[in-house]
Amino acid sequence: NHSKAGQCPMSIWVRSKSIGKSNTIEVNFVQDGPSIDGNNINLNEPNLQSLKKNLNYMRAEADSMALEIRLHTKEIHQEYLGHNDIVNEIFNAVEQSRIEAQGSDIFKGIKLNILNKHKSDIQNTENNNNMNKKDNKEIIEAFRYVSYSELTGEILGGKFTSYKKLIQKKLGRQYNNFFNKLRNNITNQKNFADLLQTFLDNLGYYDHDDKQDGTDHEDNSENEDLHD
């Protein structure tokens, strides 16, 4: 068991370097949650009992972060972030879906790991009975999982159905048009971000005189078409 525990960080490290297309990637195991800092990938430190059960989950986290290093330009992303925390969180969520969709097309072998990770995360969210349905967290999670599903063609279970209904209600007739255009720009981060910004503007997220949680902008069926 100790041998397997020692091999796990090395295998993830080698895998991340290959996916991220960078020899400077470092993988660290921490106790304060997964994150990415430059070329440093920080993963939750596993224990021996959970190692075998969570190995694929850890690989999926590392894969997603390595893809971000390879396929995401921080400077472009920063251009679209501002003082509205909800807009920023939505941008982060949908951009991560773009990265994972593009990466899953390049590396067929990682697609299943990331898909199963999202299924596990949704199941954990579904089991959280303390979630307030009006919480901003729900709309951010809805954007995260619905955008991933629409950009990859994968279907998620559990609470995903209610997440999709929430986004469909907010987009109205623009739902299919919007995701079709995002899908056609997966490999172009700037065009993708332009489309997302226009969409959020149409939803009213950039009107700072109104509420910023999106709850007052549910029906956008009459909005003008999003630009290409």
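Worth knowing before you read on, the calculation uses all heavy atoms, side chains too, and leaves out hydrogens, waters and symmetry mates. Note that this is a predicted model, so its numbers are computed, not measured. We number each residue from 1, following the sequence as shown.
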Item to complete: Go through the steps to decide whether E154 and K111 satisfy the test salt bridge (charged side-chain N to carboxylate O under 4.0 Å, His left out), and finish with yes or no.
Response: CA-CA 10 Å; E154 298 293 342; K111 187 172 185 177; 3.3 Å; yes

Practice prompt. Check step by step if side-chain hydrogen bond (donor to acceptor under 3.5 Å, both in side chains) holds for D105 and Q102.
Written response: CA-CA 5 Å; D105 189 53; Q102 184 180 358; over 6 Å; no

Worksheet entry | salt bridge (charged side-chain N to carboxylate O under 4.0 Å, His left out) evaluation trace for E95 with R98 | CA-CA 5 Å; E95 169 62 6; R98 183 195 70 82; 2.8 Å; yes

Practice prompt. List the steps and the verdict of ring pair (Phe, Tyr, Trp, His ring centres under 6.0 Å) for Y163 and Y148.
Written response: CA-CA 12 Å; Y163 283 150; Y148 171 82; over 10 Å; no

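Q96 has its side chain out of reach of H72: every pair of non-hydrogen atoms, C-beta onward, lies at least 4.5 Å apart. Looking at V146 and Y175, their side chains come closer than 4.5 Å, going by heavy atoms from C-beta outward. No side-chain heavy atom of T152 sits under 4.5 Å from any side-chain heavy atom of L115. A 4.5 Å side-chain heavy-atom check between I139 and I167 finds at least one atom pair inside the cut-off. Looking at I99 and R70, their side chains never come closer than 4.5 Å, going by heavy atoms from C-beta outward.
Contact record, A60 with N113: CB-O, 3.3 Å, taken as the closest heavy-atom pair. Taking both residues in full, the closest heavy atoms of I110 and G103 are given as CD1-O, 4.0 Å, listed atom of the first, atom of the second, then distance. Between G157 and I122, the shortest heavy-atom distance links the atoms O-CG2, 3.4 Å.
In terms of modelled atom types and a separation under 3.5 Å, the side chain of N88 and the main chain of G82 share a donor-acceptor contact. Between the side chain of S120 and the backbone N or O of N116 there is no donor-acceptor pair closer than 3.5 Å. N177 places no side-chain N or O within 3.5 Å of a backbone atom of R173 that could act as its donor or acceptor partner.
Side chain to side chain, D194 and Q197 fail the donor-acceptor criterion of an N or O pair below 3.5 Å. A donor-acceptor contact closer than 3.5 angstrom links the side chains of E100 and S64.
If you run ring pair (Phe, Tyr, Trp, His ring centres under 6.0 Å) between F199 and each of F143, Y80, F179, Y205, only F143 comes through.
A salt bridge does not link K137 to E89: none of the charged side-chain nitrogens sits closer than 4.0 Å to a carboxylate oxygen.
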